[in-house]
Amino acid sequence: MGLSSSQRRRLSAAARRAARSAYAPYSKFRVGAAVLAGSGRIYTGANIEDASYGLACCAERTAVFQAIAEGERRIAAVAVFTPTPKPTPPCGACRQVINEFGPRAVVVCTCRSRERVVATLDQLLPDAFGPANLR
Ligand code: THU
């Protein structure tokens, strides 16, 4: 799936490291994400919560927005690390945001164990609504 095993490992390691920056005092669920963007650069993010609970932003969206804010427009891959025994694929909102910039992106989900899930965004969000639907 369009990502060498060394790229996959590098991206997953960046996601795991990024979880250390999570601001998750309410859920205590510290998530990290890393985006491999069109330029080849890696951008990271972590979940950011708020005392107004509904305003939390997932790690994946933080990382995607970081990449876009730095001028990237294409996303080749996203890695997400959750502090769980099993890998956790991105929530629906994050799938939609990843779709905007990487409808074929590879999504790599890692966790505390050695288990991982690797899927493409279009597998996780089939028949997605995207920019083409506005034409
Ligand atoms: N969260 C993420 O950052 N990514 C996910 O894929 C699922 C959930 C965050 C949001 C919230 O801060 C906490 O995890 C609990 O839902």
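The figures here come from the full heavy-atom set of this structure, side chains too, leaving out hydrogens, waters and symmetry mates. Both ligands and their constituent atoms are indexed starting at 1 by order of listing.
Side chain of Arg30 to main chain of Tyr23: no donor-acceptor pair is present (N/O by atom type, distance under 3.5 Å, no hydrogens or angles). A side-chain donor-acceptor contact under 3.5 Å links Arg73 to the backbone of Ile68. A distance-only check finds a donor-acceptor pair linking the side chain of Arg112 to the backbone of Pro83 [under 3.5 Å].
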Quick check for students: name every N or O atom pair between ligand 1 and the protein closer than 3.5 Å, with distances.
| residue | atom | partner | partner atom | Å |
| --- | --- | --- | --- | --- |
| ligand 1 | 3 (O) | Ala59 | N | 2.9 |
| ligand 1 | 4 (N) | Glu60 | OE1 | 2.9 |
| ligand 1 | 6 (O) | Glu60 | OE2 | 2.6 |
| ligand 1 | 12 (O) | Asn47 | ND2 | 2.9 |
| ligand 1 | 12 (O) | Glu49 | OE2 | 2.5 |

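Inter-residue side-chain proximity for Pro90 and Cys109 is flagged as met; some heavy-atom pair is nearer than 4.5 Å.
Within 6.0 Å of CZ in Arg10 there are 12 or fewer heavy atoms belonging to other residues, nucleotides or ligands.
What you find for Thr84 and Cys111 is that their closest heavy atoms are O-CB, 3.1 Å.
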